[in-house]
Amino acid sequence: MDIIVESLTKKYGLQRAVDNISFDIQKGEIIGFLGPNGAGKTTTMKILTCFMAPTEGDVRVGGFSIREHPEKIKQMIGYLPEHNALYQDMTVMDSLRFVAQIQGVDKKILDRRIHEMIVRTGLNPEKHKKIGELSKGYKQRVGLAQAMIHDPQILILDEPTSGLDPNQIVEIRNLIREIGEEKTVVLSTHILPEVEATCSRILIINKGKIVADGTAASLRTQAQGQEILKVRLEDVDDRNLVFMSLRQLESVAMVDFLSASEMVFEIHSKAGMSSRRGIFEMCVRNQWVITELSGIETRLEDIFRDLTMN
Amino acid sequence: MKKVWIITIKELHSFFDSLSAYIMLVAFLGFSGFFTWLYGSDVFLRNQADLQVFFAIAYWTLFFFIPSLTMKMLAEEKKSGTLELLLTKAVTDWQVVTGKFLACLLLVGIALALSLPYYITVWSLGPVDHYAVWTGYLGLILVSATYISIGLFASSITSNQIVAFLTALFIGMFFHIIFDVLAGSSTGALSEVFSYLSLSTHFESVIRGVIDTRNILYFLTLILGGLVFSEINLSKRNIIG
């Protein structure tokens with residue numbers, strides 16, 4: 001099920017929470033929606049889930065417009081809201097049954113679906129408890145279970161791992177990845193490693209506008225534009241000789257010392273060129289021993305900061 | 001309609017799970033029973049086998065009890081954020097509002113049904129005008145539906161339950177008594193208008209067994225008005241967020 005967002009704008013008074021954004025999401029993608037607090041992530045999700053109408057623009061989900069067929073779209077979407085509000089005085093079973101019924105799950109498969117969800121999210125030991133009595137991690141699982149109960153084509157998760165312990169985070173991420181194999185998943189977060197761990201594509205939003213769109217790898221190349229290598233050598237006496245030799249390589253744009261005492265260099269290649277082979281051949285000629293030759297990756301944090309802090 | 005019913009059942013469950021239903025039932029039956037059988041101009045003092053005292057008391061007790069049932073309906077969902085959970089499911093705002101309305105009405109219906117033993121007891125004491133009893137119950141149901149609708153509207157304008165409760169009482173007060181008083185203290189066409197606006201005029205006419213389209217129209221307008229305005233308030237999130 002595709003999601004097509006067309007020049008979406010949402011104003012709160014004079015403030016533009018979402019400012020003329022457009023993007024497409026194809027079936028089977030796991031989209032990470034990144035952005036600082038107040039960037040417009042939650043507002044966009046509220047519009048995608050038909051909770052709010054946009055001021056301008058439109059969203060089409062599987063061909064249906066949110067303005068004309070919100071009921072159809074709501075049925076195709078499973079949504080875990082930001083603060084995961086649940087009916088505290090209902091039991092896990094009752095609340096899942098209620099959501100399943102209201103989402104139009106067939107009576108014949110209702111009990112089976114509830115059972116499947118409970119097993120899949122590991123809620124079995126807690127299923128007869130009231131939701132208000134559950135720990136935060138279990139509540140989050142109930143939230144996920146209610147979002148998936150009607151087997152939606154699209155899952156929209158607003159900060160799915162917030163407040164969970166590291167073990168639960170891993171579990172939930174695995175679950176999301178598993179679901180992502182067959183469904184479209186849109187998840188928002190400001191935990192960057194989470195995006196790398198789970199998402200096939202990243203959208204960074206800042207002040208209501210999309211500032212980056214691509215895979216983690218493509219964002220990195222886009223951000224740095226050139227290869228950066230770290231080289232560590234042994235059995236070399238003269239640091240300056242190495243420095244000069246490296247600079248003479250055709251593909252090298254810049255060389256820098258990374259350490260005052262050790263033979264460690266940072267090498268920036270010219271755009272579109274790689275220096276790995278040249279460095280290796282040069283070291284072989286000079287009989288220098290390479291103990292490390294690795295690419296330095298721009299961290300996602302840096303990209304994020306670059307894009308979201310003017 | 002099926003969706004409305006699912007919401008109705010869920011809300012009824014939550015009334016009974018949270019004890020509020022039991023408290024309401026016990027208090028309603030206790031109050032009205034006390035005044036019908038034991039205190040003031042009760043059945044024995046009047047020495048008449050009818051339920052007029054019960055209807056008069058119930059008219060007042062429902063006026064106070066209904067806002068306490070309706071106050072949480074939308075206000076609590078807004079405050080706790082479950083409204084978002086509910087409205088992102090495959091339901092319309094209208095289905096949510098009517099589902100909640102029906103749940104309250106059913107609970108009041110249960111309360112009234114539980115008062116049927118009063119009717120049977122009175123019947124055993126002497127000859128009863130059955131028609132008057134049934135129109136009395138009909139009147140109470142119409143009045144209840146009106147107050148539930150007003151209560152839902154009050155609950156839709158705020159996320160604070162106490163504010164919702166007081167607003168419902170405040171609005172209800174006009175229909176319950178203030179218009180009646182104004183009708184009494186004014187003359188001519190103005191008095192007519194206030195009299196038509198007063199709920200008690202219509203309630204009394206219904207329990208006397210005089211049910212015409214003016215009465216029905218009056219109740220339906222108030223009920224539908226409350227529901228429509230509640231729905232409008234819910235969908236306001238689309239404009240201001």
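Sequence lines set the chain letters: A, B, ... in the order given, protein chains first and strands last, and positions in each chain run from 1. Below, each value reflects all heavy atoms present in this structure, side chains not excepted, and no hydrogens, waters or symmetry copies.
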Against chain B, work out which of A:R97, A:Q103, A:Q88 has the most heavy-atom pairs shorter than 4.5 Å and name it. A:Q103
Supply the atom-to-atom distance A:S95 OG to B:K10 NZ, rounded to the nearest 0.5 angstrom. 10.0 Å
Which residues satisfy the side-chain contact (heavy atoms from CB on, under 4.5 Å) test with A:A147, sequence neighbours excluded? A:L155
Part of B:I9 within contact of chain A (heavy atom distance under 4.5 Å): neither
Answer yes or no: are there more than 12 heavy-atom neighbours, outside B:F229 itself, under 6.0 Å from its atom CZ? no
Please check if atom NE2 in A:H69 has more than 12 non-hydrogen atoms from other residues, nucleotides or ligands closer than 6.0 Å. yes
Under a 4.5 Å heavy-atom criterion, the part of residues 73-86 of chain A in contact with chain B comprises A:K74, A:Q75, A:Y79, A:P81, A:A85, A:L86
Could you go through the side chain to side chain contact (heavy atoms under 4.5 Å, CB included) check for A:F98 and B:L86 one step at a time? CA-CA 10 Å; A:F98 170 63; B:L86 189 58; 3.8 Å; yes
Verify the neighbour count for atom CH2 of B:W5: are there more than 12 heavy atoms of other residues, nucleotides or ligands below 6.0 Å? no
Could you tell me which residues in residues 73-83 of chain B have at least one non-hydrogen atom under 4.5 Å from a non-hydrogen atom of chain A, sorted by residue number? B:E77, B:S80, B:G81, B:T82, B:L83
Closest contact, heavy atoms only, B:V91 versus A:E71: O-OE2, 3.8 Å
B:F31 atom CZ, over 12 foreign heavy atoms within 6.0 Å: no
When rounded to the nearest 0.5 Å, the distance separating CG of A:D94 from CG of B:D17 is 7.5 Å
Taking atom OH of B:Y196 as the centre, does the number of heavy atoms from other residues, nucleotides or ligands within less than 6.0 Å exceed 12? yes
Can you give me the closest heavy-atom contact between B:K3 and A:I102, atom names plus distance? CE-O, 2.9 Å
Partner residues of B:T98 under the side chain to side chain donor-acceptor pair (under 3.5 Å) criterion, sequence neighbours left out: none
Against chain B, label A:K46 side chain, backbone, both or neither, depending on which of its atoms sit under 4.5 Å from a heavy atom there. side chain
